[in-house]
Amino acid sequence: MGELKLMKGNEALAEAAIRAGADAYFGYPITPQSEVIEYLMAEKPYDRTGMVVLQAESEIAAINMVYGAAGAGKRVLTSSSSPGVSLKQEGISYIAGSELPCVYANVVRGGPGLGTIQPSQADYFQSTKGGGHGDYKQIVLAPASVQEMSDFVKLGFDLAFQYRIPVLILSDGVIGQMMEKVELFDQIPRLTDEEVAEKYPWATTGKKKGTERRIITSLDLDSNKMEEHNLHLQRKYKTIVENEVRYELIDCDDAEYIIVAYGSSARISQKAVQMARKKGIKVGLFRLITLFPFPAKQMQELCKKGVKGWLAVEMSAGQMVEDVMLSVKGCAKVEHFGRFGGIVHTPEEVLRALEEKIIGD
Amino acid sequence: MGELKLMKGNEALAEAAIRAGADAYFGYPITPQSEVIEYLMAEKPYDRTGMVVLQAESEIAAINMVYGAAGAGKRVLTSSSSPGVSLKQEGISYIAGSELPCVYANVVRGGPGLGTIQPSQADYFQSTKGGGHGDYKQIVLAPASVQEMSDFVKLGFDLAFQYRIPVLILSDGVIGQMMEKVELFDQIPRLTDEEVAEKYPWATTGKKKGTERRIITSLDLDSNKMEEHNLHLQRKYKTIVENEVRYELIDCDDAEYIIVAYGSSARISQKAVQMARKKGIKVGLFRLITLFPFPAKQMQELCKKGVKGWLAVEMSAGQMVEDVMLSVKGCAKVEHFGRFGGIVHTPEEVLRALEEKIIGD
Amino acid sequence: MAEITFEDIVKPENLVYKKTDLMTDKALSYCPGCGHGTAHRIVMEIIEELGLEEKTIGVAPVGCSVLAYEFMNIDMTQAAHGRAPAVATGIKRVYPDKIVFTYQGDGDLAAIGTAETIHACNRGEKIVIIFVNNGIYGMTGGQMAPTTLPGMKSSTSPFGRDVESMGNPLKMTELVAQLPGTYFVTRQAVHTPAAVRRAKKSIRKAFENQVNKKPGISFVEIVSNCNSGWKMTPTDSNKWMEDNMFPFYPLGDIKVDGQLVK
Amino acid sequence: MAEITFEDIVKPENLVYKKTDLMTDKALSYCPGCGHGTAHRIVMEIIEELGLEEKTIGVAPVGCSVLAYEFMNIDMTQAAHGRAPAVATGIKRVYPDKIVFTYQGDGDLAAIGTAETIHACNRGEKIVIIFVNNGIYGMTGGQMAPTTLPGMKSSTSPFGRDVESMGNPLKMTELVAQLPGTYFVTRQAVHTPAAVRRAKKSIRKAFENQVNKKPGISFVEIVSNCNSGWKMTPTDSNKWMEDNMFPFYPLGDIKVDGQLVK
Amino acid sequence: MAKVKGAIVVDVQKCKGCGVCLPACPTSVIELAKEVNGKGYHYAYMEKPDECIGCSNCAIVCPDGVITVYKLKL
Amino acid sequence: MAKVKGAIVVDVQKCKGCGVCLPACPTSVIELAKEVNGKGYHYAYMEKPDECIGCSNCAIVCPDGVITVYKLKL
Amino acid sequence: MTEEIIIAGFGGQGVLSMGKILAYSGIMQDQEVSWMPSYGPEMRGGTANVIVIVSDERISSPILTIFDTAIILNQQSMDKFEKSVRPGGVLLYDPNGITRHPVRKDITIYQIEGAQLAAEMGNTKIFNMIVLGAFLKVKPIVLLENVIKGLKKSLPERYHKLIPMNEDALTMGMKNVVCSNSLN
Amino acid sequence: MTEEIIIAGFGGQGVLSMGKILAYSGIMQDQEVSWMPSYGPEMRGGTANVIVIVSDERISSPILTIFDTAIILNQQSMDKFEKSVRPGGVLLYDPNGITRHPVRKDITIYQIEGAQLAAEMGNTKIFNMIVLGAFLKVKPIVLLENVIKGLKKSLPERYHKLIPMNEDALTMGMKNVVCSNSLN
Ligand SMILES: Cc1ncc(C[n+]2csc(CCOP(=O)(O)OP(=O)(O)O)c2C)c(N)n1
Ligand SMILES: Cc1ncc(C[n+]2csc(CCOP(=O)(O)OP(=O)(O)O)c2C)c(N)n1
Ligand code: SF4
Ligand code: SF4
Ligand code: SF4
Ligand code: SF4
Ligand code: SF4
Ligand code: SF4
Ligand SMILES: [Mg+2]
Ligand SMILES: [Mg+2]
């Protein structure tokens, strides 16, 4: 068993970055995720593994530093919270367009605008449909525990490099700020420059004589080639949808009703499920782990088993619920229950919503 | 009848801004929409109406200039194209959160990343679901002609001020660059400072002695108030969904199949409909004018009339099609036909897609 | 003179100093001893003294002073992090006759907002910028700012700012003074009565420049403390500021009436 | 000497100048006479001469030189508008032993990218910045840049740049020279053989600084023409540049070995 | 002796006990109270009221603007 | 008389006829052709080949890098 | 009546403005028009083309791949657009610089020696008006007087003195267009 | 066993670290734990509270509104959280500074004179450990030895010398907690 620690989600993410053999973190402070860079700075990862930590002048600079280093084949990450992530959208679109691997975290707070620093899940659309311009996707991992804040950094880098795609760890103020027990994985050594050059022949590591130069770009002025590139991206996304869906079913075997939730909403909904089960209500929890790819097929299968109603629980005015609707395709009623603007729902409210919106009529 | 001119879409938008009594335009060049600011600079609108035109140092500066001036009750606008619009997302979320009126145009080009300067409709998700953070909406108008590039500026300002909401004119390289006949509406006088102060008591025009000060903000550290604010926004969006849906039905009366499209895709699809009708295929065109609010109800009504299949035609890998699916709710088959990355579909291709994907099986 | 009682003195006719009405009655949200409060107050005193209340629009971005609108009893706009100069430009351009100012922290003005600051100054926007430099990101919990001194500890430079890897402290005020668009550039403080009086004079000059449509921006830096971020008592932080900040950020006028002060 | 024929001279052993192999064989996409081509070539000549080909990574953002990667035969990264210094920082920080440079236009470096430029310079990133200043946004069709001269026409200043409303031309190079993080700052041109030779010397120095891990950035401005944007013939544009750009942007070293040149 | 007599009124509930006014007073009038106010701060008060000359120094450096100053010319 | 004799080879198809090389030549060797190349440009050529001293001036200012220079020492 | 036209040639040949004048002429006689250029920024000096549609009805797609008429002014455009003329349609070209002449038998092919005539008239700038004249001879979709009106509308006031010269060019084009295949 | 606790008081009272030590103690005896603070930036000097859950099973929601135990250290928190204790649950509070004492009859209420005891022991910093001791007396959900282990884990090495003092404080709290209502 790995090392056991009591850590904040933000700290676990930072520690996991070091252990995952990350080469660099570039970031800019913003509540509720400043502990990520603070932890890293205090840990002197440069002494531990040679990892670089740099406080950038802005979120835009940070994401572009990530773009540069990722294009050179290194394992790099950044993190921010909602307003800062909005600023990164152009950069993310570039990373997706140039097919670079990177991990970044959004510890979501309530919006819109400056909003509040309290937890929220209202950046679901931005994360899954594309906050930036163009037809691109990113893998979105939704940790529901501090343990997953750590594990998903490693998983995120693996997926990012396997598919050459940005991986977003979509967290929120609850997961970022809470402490839980976390089992830290063992240190993975950073790749040497030579290993990078060998493993990632697409990376700009310096053109060896007699070889073709490497170009990191998302531009093509020839529309035919650009469309071909887009088709290639779409094929890649399809592969990801086929192979990388991750989710957790809790009490779903005999469930007549299903709550769909992710992240801290899933934690709260799990409590609501426990409470409901005590009352004899046959309800289960479909906890999303990947938001993209979305487990549409798996929901359809549950539909076939005769689920009578779906409740989408999220800290937003209704975003993920659209994907649930698109997945179950009218097979059963789908309702949404949301609190937002920094308010976190209570298990009692979720149970009530289930009874009133789904079972009640 | 107003003045008739032959103009590019971008020029028509610029001229309409002057005539709509806009107080200022703030923008930054980017293809394929630089004609907007170029036209304005050449027209000396300051001499014509007192309108200010300023080339900002970046898209971010431009949207924040808009935020400032809009907060002070003025009619202001900006425009850009995909990468530039991605950079504006934080600012747009602020404008939505602070409930400010403004108009901005995205003359979409192909992405992701730097992509291509050729036309695209791949920013649909960003425009309608929220490219920025938080639960917000903006009214999205999709002009399909140069005439509408002009008309929607006026309509946009009216809606923006009526609802205190950002209005996006979602255009593309085709509509921006093409010339058509346009009937220009007559000059609407700019409001005087006094009129602004009177009409828009919420605006920061300077606090008169003995009155309450005005605050433009999207921040509330009290989550309960923040949620209340969000609920207020959601109610406003509901009102907009109820009252402001705009669309055009072409040949839909007896249609067995319907093509859904907007902007230049709608123009091309209209030609495809003409071609199909010549072949005896009963197909109609549902041209979206507002993308948010989306005419879900109107589509459901057509469903009831027995439409057998829907084809979503867009210059993207499949974005608007999700809203069509969410609207028709499984009543009939929905398929997507898209070209992308700067490629514009031909009417012939659209017809073929209709025959193969919808009618064929 | 035991005959004169407290009550004899505390009478309306004897009033010599009272917080301006242009500050609201809300208790300030700042930490005890934080210079933001003083800076707020003297800006509002000047606006009152110049009779500008009815035509002034203030812009405060995120930073500890994000809530300035709760305290400054005038029309205010809250701006996104770093963008206040653009927001103020937007307002001033559509209201050339109104008085517009920004109130920004050092993280805001000299990090994320560098481009907006440089370009508003370079365009010579006819606004006032009040720049509160406390060498740290106060609001978010004391992270390193571009202005953090070499060796100074912060939550993101827990072993002190290492210039080699984290870069040099940025003297934004000296930099903008180089631009032809700045008309008045000065650096002040508000930790002692004398400093407050000098700072107030500078702020008056800045606003007068705007009233008189002088060509260019008036830029007033206020070197201030952040006892929370610096982890010191208020009085210690003021002392530390004198000993460490002032040598690096010397007080005084840098550019007056468009001319660099030699 | 009629006996010596063309064929006698044009023999491999008599070769004295040939385009470097570090330029690809693709025809440059630039307008006839555009200085970008020359600038590209001399940068690549220096990389070849210093034997840096295998360890160099170039960064070119949008601008006419967005396609630099088609022409420079080394590993290249295309950067978002204005962000090349951040992209280069990212690369250099994870590869401190490689050679990293940016190649940026004036719109890119001095408008949207101001913050990234200032901060990379201020941090003293150990990279080279090649800054091609043609006083205009070439790529997008000749709009006004921060560097456009007063009175100069462009598609967004069709009646000439009006400093009062559009602001002053920005001398970014002089500005960054003020920062302690810049080690070498110079302004050059490439329109005559002598200018090219001087520019090449500067570029060599810049790259040598990086090879020798000198503390700070090496920043080479190249004042260049944009005949399309300026609407002149190439030779006229070079003349106009000498007459109008050079007085405002004087050529020469501004900071050498970390010391401002007096 | 003094030709003027001053007095300050501290808004006790809003005073944050920062102590910034103390060194600002030329005549060392002010001290921080042993007691705390509703927010838990040791608020400022005139420990030596007779010494106050109504110079306003304390008031103008008080970050929270909680001091009002009066001055009586004798 | 000249101790050296030079010659240049212009990549005619890539020359853009910008004329930048003309004033760079100390001996006015180069002129633009009346004919155009495949792209419609009046390409550069040695109008006075005998004058060429192989100084490379033309080549180093040629934006398109289309000039190769040879020099024969006599 | 709907006429769908592509005009294609080099950047400097006045392709876009020819299309613009044609479109303006349509407006002058109350028709619907659209003008859709290919655009691209730094593809300087490359090819330029524009699709012009003049119609009695509302115009659907401004972008087409099959045309009633193709006006072709260089070889590249010939290679690209000869096949895009609808059977029975018209291809009008200037043979100057054309190395591979059109071969289709199911369309009518016309030639206009625009470049040569312009040179003869001593003004290369009117080249496009000669070609336009030629087109209008073949397809008189707009009246000459409306072309002149269109010219007035599209030219800034200070260039109105050039209108007579343009009129001459139009006439010259009308006179000199020749049919080069046997279809009619 | 699952124990759901809220600890609430002023910013400087060591509320968060008390919760942290409790959570660490749980880990030391192989339990699941969660620690969820209220957070907020410039609400400096305001209230602070943290929800700690210690359980044998996987913890679902880390955010709750009803608690087994509320540990309350100032008046504001009393106003806010007295009602949040589950019937039959426990409310433990320090009466120092409390002006409105708890009134519920369906829960057990304990007092600990933490502030006073800490002052008597000459170290206000151990206040929170006294309160923690009191809590553990009432609800011995973790063993004292595991609290010490937890302390060691959560304190940096250089503070380990303070552990005996903390141990004293815990014992002091255990000794001095008193039940103040009649429920048991
Ligand atoms: C886009 C964005 N990034 C980051 C933040 C978080 N943030 C808020 S204020 C601030 C810095 C505050 O420092 P400063 O400007 O120096 O003001 P101070 O609090 O020190 O007065 C930061 C990083 C934000 N609100 N928005
Ligand atoms: C975010 C963004 N905004 C705007 C543009 C459009 N754009 C591309 S290059 C450029 C400016 C080019 O000017 P400069 O940097 O001076 O380079 P030049 O072409 O003159 O060499 C602009 C505005 C863009 N690509 N991305
Ligand atoms: S954190 Fe610093 S800047 Fe912010 S209020 Fe406290 S002392 Fe002032
Ligand atoms: S537009 Fe200007 S900068 Fe761009 S290639 Fe042409 S001349 Fe050069
Ligand atoms: S300066 Fe003001 S807040 Fe501080 S102790 Fe004195 S009176 Fe109180
Ligand atoms: S008014 Fe002057 S003398 Fe009186 S207490 Fe204040 S500082 Fe001291
Ligand atoms: S400089 Fe080069 S491209 Fe220009 S004319 Fe001379 S050879 Fe041709
Ligand atoms: S090598 Fe020198 S002499 Fe010869 S053509 Fe070129 S510039 Fe003239
Ligand atoms: Mg600060
Ligand atoms: Mg330029």
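The chains referred to below are lettered A, B, ... by the order of the sequence lines, with proteins before strands, and numbering in each begins at 1. Here the structure is a predicted model, which is why all the values come from computation and not from measurement.
- If you measure heavy-atom distances from A:Leu233 to chain B, the contacts under 4.5 Å come from the side chain alone.
- By number of non-hydrogen pairs under 4.5 angstrom with chain B, the leading residue of A:Gly134, A:Gly111, A:Gly91 is A:Gly134.
- Here CG of A:Leu231 is found 9.5 Å from CD1 of B:Ile343. Values are rounded to the nearest 0.5 Å.
- Of the listed residues (B:Gly330, B:Gly318, B:Ala317), the greatest number of heavy-atom pairs within a distance under 4.5 Å of chain A belongs to B:Ala317.
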I'd like a table of all donor-acceptor pairs linking chain B to chain A (distance under 3.5 Å, no angle check), giving the atom names and the distance to one decimal.
| unit_1 | atom_1 | unit_2 | atom_2 | d |
| --- | --- | --- | --- | --- |
| B:Ser86 | OG | A:His133 | N | 3.0 |
| B:Ser86 | OG | A:His133 | ND1 | 2.7 |
| B:Ser93 | O | A:Gly113 | N | 3.3 |
| B:Ser93 | OG | A:Gly113 | N | 2.8 |
| B:Gly111 | O | A:Asn230 | ND2 | 3.1 |
| B:Gly113 | N | A:Ser93 | O | 3.3 |
| B:Gly113 | N | A:Ser93 | OG | 2.8 |
| B:Gly113 | O | A:His133 | NE2 | 2.7 |
| B:Leu114 | N | A:Ser218 | OG | 2.8 |
| B:Gly115 | N | A:Ser218 | O | 3.0 |
| B:Gly115 | O | A:Asp220 | N | 3.0 |
| B:Asp123 | OD1 | A:Gly134 | N | 2.9 |
| B:Gln126 | NE2 | A:Gly131 | O | 2.8 |
| B:Lys129 | NZ | A:Glu322 | OE1 | 2.7 |
| B:Gly131 | O | A:Gln126 | NE2 | 2.8 |
| B:His133 | N | A:Ser86 | OG | 3.1 |
| B:His133 | ND1 | A:Ser86 | OG | 2.7 |
| B:His133 | NE2 | A:Gly113 | O | 2.7 |
| B:Gly134 | N | A:Asp123 | OD1 | 2.9 |
| B:Asp135 | OD1 | A:Ala317 | N | 3.1 |
| B:Asp135 | OD1 | A:Gln319 | NE2 | 2.7 |
| B:Asp135 | OD2 | A:Ala317 | N | 2.9 |
| B:Ser218 | O | A:Gly115 | N | 3.0 |
| B:Ser218 | OG | A:Leu114 | N | 2.8 |
| B:Asp220 | N | A:Gly115 | O | 3.0 |
| B:Glu227 | OE1 | A:Arg339 | NE | 3.1 |
| B:Glu227 | OE1 | A:Arg339 | NH2 | 2.6 |
| B:Glu227 | OE2 | A:Arg339 | NE | 2.7 |
| B:Glu227 | OE2 | A:Phe340 | N | 3.1 |
| B:Asn230 | ND2 | A:Gly111 | O | 3.1 |
| B:Ala317 | N | A:Asp135 | OD1 | 3.1 |
| B:Ala317 | N | A:Asp135 | OD2 | 2.9 |
| B:Gln319 | NE2 | A:Asp135 | OD1 | 2.7 |
| B:Glu322 | OE1 | A:Lys129 | NZ | 2.7 |
| B:Arg339 | NE | A:Glu227 | OE1 | 3.1 |
| B:Arg339 | NE | A:Glu227 | OE2 | 2.7 |
| B:Arg339 | NH2 | A:Glu227 | OE1 | 2.6 |
| B:Phe340 | N | A:Glu227 | OE2 | 3.0 |

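- Here A:Gly132 is the residue among A:Gly110, A:Gly338, A:Cys331, A:Gly132 with the most heavy-atom pairs under 4.5 Å with chain B.
- Shortest non-hydrogen contact noted between B:Gly97 and A:Pro112 is CA-CG, 3.6 Å.
- Of the listed residues A:Gly131, A:Gly115, A:Gly130, the one with more heavy-atom pairs under 4.5 angstrom with chain B than any other is A:Gly115.
- Contacts between B:Ile95 and chain A at a heavy-atom distance below 4.5 Å are absent for every atom of the residue.
- Atom CG of residue B:Leu114 and atom CG of residue A:Leu221 lie 8.0 Å apart, to the nearest 0.5 angstrom.
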